[in-house]
Amino acid sequence: MTDQTFMITTPIYYVNGDPHIGHAYTSIAADVIARFRRLDGADVFFLTGTDEHGQKVEQAAEAAGLSPKAFADEVSARFRAMADRLGISYDRFIRTTDPDHYAAVAALWSRLEAAGAIYLGAYEGWYAVRDEAFYGEDELRTDASGRRIAPSGAPVEWVREPSWFFRLSDWQDRLLALYEERPDFLGPSRSRNEITSFVRSGLKDLSISRTSFAWGIPVPGDPSHVVYVWLDALVNYISALGFPDENNPLWRFWPADIHLVGKEIARFHAVYWPAFLMAAGIEVPRRIYSHGWWTNEGEKMSKSLGNAIDINALTDEFGVDAVRFFLLREVPFGNDGDFSRASLISRLNTELANDLGNLAQRTLSQIARNCDGRLPARGEATEDDSLLLASADALPALVRAALDRLALQEALEEVWKVIRASNAYIDRQAPWVLKKTDIERMGAVLRVLVSVLRRVATVLQPYMPASMARLLDQLGVPPDARRIADLGSPLLTGTPLPAPQGIFPRHVAADAAS
RNA sequence: GGCGGCGUAGCUCAGCGGUAGAGCAGGGGAAUCAUAAUCCCUUGGUCGGCGGUUCAAAUCCGUCCGCCGCUACCA
């Protein structure tokens, strides 16, 4: 694993609205993978940031009485604050208003132009001023007076404006070949099916410039146009690596290993982005993986319902690690999920407090009381010991394999199997009985549990960095020996352990389900 | 309309050709080191309906029913 480069990205988040749990979810998932790869010895670049151009931002800024840039500064800072608060270990927080990004977009545009991949044409269609949207002929209805109206009921008119186009239609076959030859390129399979069928149904050239508003990156050589926000946004993944300077040391991270995205933007990443890259002669990313959406207590979250989950309030109440854990534990990654207080509290109490927290506490408190607070010596392993130790030793490989498949929930399930087995083991071995009959064996049993807990805590660090750091402290694992590779070296017998303290308090509240 | 997915224990889901599984919830018991936490045992399903292929089908095929997603230029 050592010396391997690994790049993972979140989408850059659009700043026309405040951050919400969907953004948090993508970032946390990407963070877990980034942290695990670092733990596993890889050279990691983790990119996140904000997407700041476009008509929506221009309008939102105007409504707020600010310049687009000032508005974007403000909202971008909120996204960054959320990332920091959630412990997102990004290597760069990129903004599409950063100067190097402007340069990269201009450079990519010029490459596409030089390659003959773009041309100046005209975009025309039925436009509803009220909706600020174009509609297809087949979406329109005719009202009583014979006028064409949009599905929303807004009147439409035929408009025609000059626009630069990308020859997307040239890339249909090569995109399909890409999906075919590289089954891992697009995931999960639902997303892969949808995108494939979309591309198979035929691609039209893509309008990649706008003249109807000004907040964007000017088109090189044609400054009355700004670059279409998606082209602008997608380029962030390479502008962060120094593009177009392929001698930039960061360029070694390209192609990205994983673009993690929400399912609503899978198409932009799986169709437009590789087409742009291929047209510009740049390698395509290795994998694009889209995850699902959260509902809140069974209801879709929306502005009108006003039921968005306040991630700050949530982490204030339950703690950052508990929220990180819940989001990745509750739902198979890729599926939609439902957020509810009852299930959050149930997970925290059952799995964090009872299963893991209590296991650590009962183990460590017996060491504190009966072993003079020092790490007891290993004994000759019984069959029971060996089985449990072997299951813990297998964890790094199991977690690595699960994360390679983006099975973030499965990885946790594997860890919890070991935690449950450990609780069964401690009951079977009953060190509190051995204390009176065989004090040496008691120490050996507790030492087995420390070894297991060390492995558990090590692989859980990516999910719950702060809590697992505390647990590793209590287990006497030196801060510089917490990587996967360090698990090969046993802890020093006799190491004094700090007084045990609960890692995960039970959540007791009036609305607690149990 | 076209393409695709899902429907398995009360709940969330795994299994995807060889005598129905996990977690949670429910019931009974044990233990008392521990955050009243833990452990053991256990109730519970004609695997959406019907038909077919097969020695054998949640598992393959067909069909029907019920949900859901995608079907491009706001992001």
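Just so it is clear, the model here is predicted, and its values are computed rather than measured. Chain letters run A, B, ... following the sequence lines, proteins first and then strands; every chain starts at 1.
Evaluated for a ring-ring contact (aromatic ring centres under 6.0 Å, His included) with A/F268, the options A/Y237, A/W230, A/Y14 yield exactly one hit, A/W230. If you run side-chain contact (heavy atoms from CB on, under 4.5 Å) between A/Y228 and each of A/V219, A/I217, A/I208, only A/I208 comes through. The residue from A/W293, A/W294, A/Y13 that alone fulfils the ring-ring contact (aromatic ring centres under 6.0 Å, His included) condition with A/Y25 is A/W294.
Across the P atoms, B/rU59 and B/rA9 are found 15 Å apart, a figure rounded to whole Å. B/rU54 and B/rG17: their C1' atoms are spaced 9 Å apart (whole Å). Separation of the P atoms belonging to B/rG62 and B/rU53 is 15 Å when rounded to the nearest angstrom. To the nearest whole angstrom, the two C1' atoms, one in B/rG23 and one in B/rA14, are 10 Å apart. For B/rA57 and B/rG48, the P atoms lie 15 Å apart once the distance is rounded to whole Å. Spacing of P atoms, B/rC3 relative to B/rC50, comes out at 27 Å, to the nearest Å. Separation of the P atoms belonging to B/rU8 and B/rC47 is 11 Å when rounded to the nearest angstrom. The same atom, C1', is picked in B/rU43 and in B/rG10; the two are 12 Å apart, to the nearest Å.
Taking atom NZ on A/K263 and atom P on B/rU71, their separation rounds to 12 Å, with Å as the unit. For the pair A/D336 CG and B/rC13 P, the interatomic distance rounds to 10 Å; values are reported in whole Å. Atom-to-atom, CH2 of A/W293 to P of B/rC70 comes out at 7 Å; the value is rounded to the nearest Å. Straight-line distance from the CH2 atom of A/W416 to the P atom of B/rU38: 13 Å, rounded to whole Å. Atom CZ of A/R347 and atom P of B/rC13 are 11 Å apart (whole Å). For A/F165 and B/rA72, the CZ to P distance is 16 Å, given to the nearest whole Å. A/N335 has its CG atom 11 Å from the P atom of B/rG7, to the nearest Å. When the C1' atom of B/rC73 is taken as reference, atom CH2 of A/W171 falls 20 Å away, rounded to whole Å.
Taking the six-membered ring wherever Trp is involved, the centroid distance between the rings of A/F79 and A/F93 does not fall below 6.0 Å. Between A/W273 and A/F185, the distance separating the two ring centers is not shorter than 6.0 angstrom.
A salt bridge links A/R362 with A/D427: at least one charged nitrogen is closer than 4.0 Å to a carboxylate oxygen.
For the atom pair OG1 (A/T363) and CG (A/L475), the distance works out to 8.5 Å, reported to the nearest 0.5 Å.
Within the 4.0 angstrom heavy-atom criterion, no nucleotide atom of any strand lies near A/I195. At the heavy-atom level, A/F198 lies under 4.0 Å from base atoms of the strands shown. Among the heavy atoms of the strands, none lies under 4.0 Å from A/N16. Across all strands shown, A/D355 has heavy atoms under 4.0 Å from sugar-phosphate atoms exclusively, and none from any base. Contact annotation for A/G202: base contact, defined as any heavy-atom pair under 4.0 Å involving a base atom. Nucleic acid contact for A/R190: none, since no nucleic acid atom lies under 4.0 Å from a heavy atom of the residue.
A donor-acceptor contact under 3.5 angstrom links the side chains of A/N354 and A/R506, judged on distance only.
Residues meeting the salt bridge (charged side-chain N to carboxylate O under 4.0 Å, His left out) test with A/R405, sequence neighbours left out: A/E410. Remark: A/H23 pairs with no residue by the side chain to side chain donor-acceptor pair (under 3.5 Å) rule, at least two apart or across chains. Every residue two or more places apart in sequence or in another chain that forms a side chain to side chain contact (heavy atoms under 4.5 Å, CB included) with A/Y425 is listed here: A/D384, A/D385, A/L388, A/R428, A/Q429, A/R441, A/V445, A/V448, A/L449.
When each of B/rA72, B/rU38, B/rG23 is scored by its nearest atom to the side-chain atoms of A/Y272, the top-ranked nucleotide is B/rA72. The side chain of A/E194 has B/rC70 as its nearest neighbour among B/rC70, B/rG4, B/rC24. Checking B/rU71, B/rA75, B/rG69 against the side-chain heavy atoms of A/W230 singles out B/rA75 as nearest.
Using a distance-only test at 3.5 Å, with no hydrogens or angles considered, a donor-acceptor pair links the side chain of A/R192 to the main chain of A/Y179.
Its glycosidic angle being more than 90° from 0, B/rA20 falls on the anti side.
The 5' end of RNA chain B is approached more closely, in terms of each residue's nearest nucleotide, by A/R329 than by the other of A/R329 and A/R267.
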Assign a letter to each nucleotide of nucleotides 26-36 of chain B from its 5' end: B, base within under 4.0 Å of a protein heavy atom; S, sugar-phosphate only; -, no contact. ------SBBB-

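Counting only Watson-Crick and G-U wobble pairs whose two distances sit under 3.5 Å, RNA chain B takes part in these stems of three or more pairs: B:1-7 with B:65-71, B:10-13 with B:21-24, B:26-30 with B:38-42, B:48-52 with B:60-64.
Within 6.0 Å of atom CD in A/E440, 12 or fewer heavy atoms from other residues, nucleotides or ligands are found, so the atom counts as exposed in its surroundings.
A close approach under 4.0 Å does occur between a side-chain nitrogen or oxygen of A/Y228 and OP1 or OP2 of B/rA75.
Non-hydrogen atoms lying under 4.0 Å from RNA chain B are contributed by A/L203, A/K204, A/L206, A/S207, A/R210, all within residues 203-211 of chain A.
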